[in-house]
Number of protein chains: 2
Amino acid sequence: MTRLPLYLKIGELLHREIAAGHWLPGERMPPEAELAEDLGVAVGTLRKALATLEEEGLLQRRQGSGTYVQRAPAGNAIYQFFRLELLDGGGVPSADVVSLKKCESAVATGHLAGKPLQQWQVKRLRLLNNKPAAAEEIYFSYAHAPKLVLADLHESLYIHYREQFGFWIARVEDKISCELPPEWVKKHLQLAGNTHCVRVERRGFSNVDKPEEYSITWFDPAHCRYLARWS
Amino acid sequence: MTRLPLYLKIGELLHREIAAGHWLPGERMPPEAELAEDLGVAVGTLRKALATLEEEGLLQRRQGSGTYVQRAPAGNAIYQFFRLELLDGGGVPSADVVSLKKCESAVATGHLAGKPLQQWQVKRLRLLNNKPAAAEEIYFSYAHAPKLVLADLHESLYIHYREQFGFWIARVEDKISCELPPEWVKKHLQLAGNTHCVRVERRGFSNVDKPEEYSITWFDPAHCRYLARWS
DNA sequence: AGGAATTTGTGCGTATGTATC
DNA sequence: AGATACATACGCACAAATTCC
C-alpha cells in the first residue's frame, strides 16, 4: 500500500471542511502558522496543501492579507467542457431550456450503447453574454429519472447529473461538421433559411467511463466558434 | 523596482539554456543537488524553478531517475495533432503540396506576433485513404529557410520543422467555424459552388512556446469531420 | 501620514522516504 | 542489495504586501 502524501491529505481535509461550510466563501482562513499548528504539520507542508487548493480555484491567497475561500466547491467543473466563444474571444455562458420530453428512441437510437431505448430529450438555447449563441439537443437515459419536470433541471446539466443522478461527466468526444440546422434551431437563433451552422456531435462519458450523454449543438459561425487546445 | 523572484530567474535561465541546445531533447539533466550548487542556489529554490518548467511541458521529472528535457514526438506521433476522420471513422492520412511561395505578409499578417512579416505559404491537399478530404494554407516564417523548393518539403511539415528548422510543434490552438471556401479549395476538392465547408484556423506553438505556424484548413462535412476528445 | 503588527512570499538547509537503475 | 535521484517534510529567517492603529 502506498500512502497519500501528507500535503495532499491536508488538502483533502481542508477541501472537505470548506465544502462542509466550516469557512464560507469570501471568508478569511486562519494564518498559516496557526492553521499549521492546529493541524500538527509544518508550515511548509500546509503551504503546499494550500497551493494545490489555490490551483483548483478553491482558495485565493494574498500576500500580507490572508487566505480566502473563493467559492463553494460544488461547481468545480461546470463549464469544463464548454467550448464555444464569441468571435472576439470569451463571453459568459448560460443556458435556457426550450423543451423537455420523453422520447422512444426514434432519435439517437443506438447512440448510447447498452442504455435502454427510452430517453429524455432536452432542447436548450445556449447564451453568451446573455445573447443566444447556440442551440442543443441533449439525450440521456430515462432510467435515471422516471419523473422530471422543467423546474427540476439545473442550468448546468452536468451538475444535475452529479447531484441528482450520482455520476459526472469526466470525458467527452466531439465530432464536428456543418449543415443546415433543423427548423427549431433556425427559429430560436433567428437564422435566415440558408444559413449553414457548425454542428457538434458530443458523446459524454461518466467517471466510470460509461456513455451517459449524447448531444448535438448547432451554432452560427458568424457569431461564435469552437475553441480547441491540444498538447 | 520590484525584483523577479530568484526561482523564476533560474527558471528563465534554464529555459534559455535548453532553447539554446545546451541540453538536447531526451537528455538527462544533472541531479538537483549538483545543478543547485552550480547555480549557487538552494535545492528547494531549484526545485521550484524546475517545477514551473515541468508545468510548461519543457521538462519531465521522474522520481529515482532524473530530470529529462522533453523530447520531440517520436516518429509514430507524426499525426498527433491531425484531427480529421472519415464519417464512418478512421482513414489513412497523407498530403500533396499544391503550391509553395513567399508572401509579403498580405495574408496572415500579425498572426505570428514577433515574427518577421515575410512568410512562406504552402497550399496542400490532405488525403484520407488516398482521396482528397481537405485543403490547407500554411504559413511559417521566411527566416527559417531563405531558400525552399517543393522537393525539399517533407510530407509531414512537423517533421520538416523538427529536422530542418530545429523546433517542433508541441501545442496547437484550433478555432473552428464554417464558411464558403476560397476558389482554389473548391477546385481541388471538386466542390459545388454552394458547398459550405468547416474551417479550422490553427496556431501552432513550438517546444519553447513560440508561435511558429499559422494555418487554415477547409473540409467538406459531407466527407469528413473534426474529432475532439476532452478530459 | 506614518509606523507597527500581521500575513503571505521567498529562500535556505537538512533529514528521511521512495522509485529507479 | 546498494547507489542514485527525485519527493516529501520539517523548521527557520527575512522580504514584501497589507492592515490597523
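Order of the sequence lines sets the chain letters (A, B, ...), proteins ahead of strands, with each chain counted from 1.
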Separation of atom CZ in B/Arg61 from atom P in D/dT8, rounded to whole Å: 10 Å
Nearest-angstrom distance from the residue atom CD of B/Gln63 to C1' of C/dA19: 5 Å
B/Tyr226 and B/Phe219 aromatic centres sub-6.0 Å: no
Sugar-phosphate, base or nothing in reach of B/Gly66, heavy atoms under 4.0 Å: sugar-phosphate
Short side-chain N/O contact from A/Arg47 to OP1 or OP2 of C/dT8, under 4.0 Å: no
Spacing of CG belonging to A/Leu46 relative to CG belonging to A/Asp38, to within rounding of 0.5 Å: 10.0 Å
Any A/Thr67 side-chain nitrogen or oxygen under 4.0 Å from OP1 or OP2 of C/dT8: yes
Closest listed nucleotide, where the reference is the side chain of A/Ala42 and the choices are D/dT8, C/dG11, D/dC10: D/dC10
Lys/Arg-Asp/Glu bridge criterion (N-O < 4.0 Å) met for B/Arg202, B/Glu213: no
N/O (side chain, B/Thr45) to phosphate O (OP1/OP2, C/dC12) under 4.0 Å: yes
Polar side-chain contact A/Glu32-C/dG9 base: donor and acceptor under 3.5 Å: no
Nearest-neighbour nucleotide for the B/Tyr7 side chain, C/dG11, C/dT20, D/dC10 considered: C/dG11
C/dT7 phosphate, OP1 or OP2, under 4.0 Å from A/Arg62 side-chain N/O: no
Residues, nucleotides or ligands: over 12 heavy atoms within 6.0 Å of A/Glu27 CD: yes
Spacing of B/Arg28 atom CZ relative to C/dT20 atom P, expressed in whole Å: 14 Å
N/O (side chain, A/Lys48) to phosphate O (OP1/OP2, D/dA9) under 4.0 Å: no
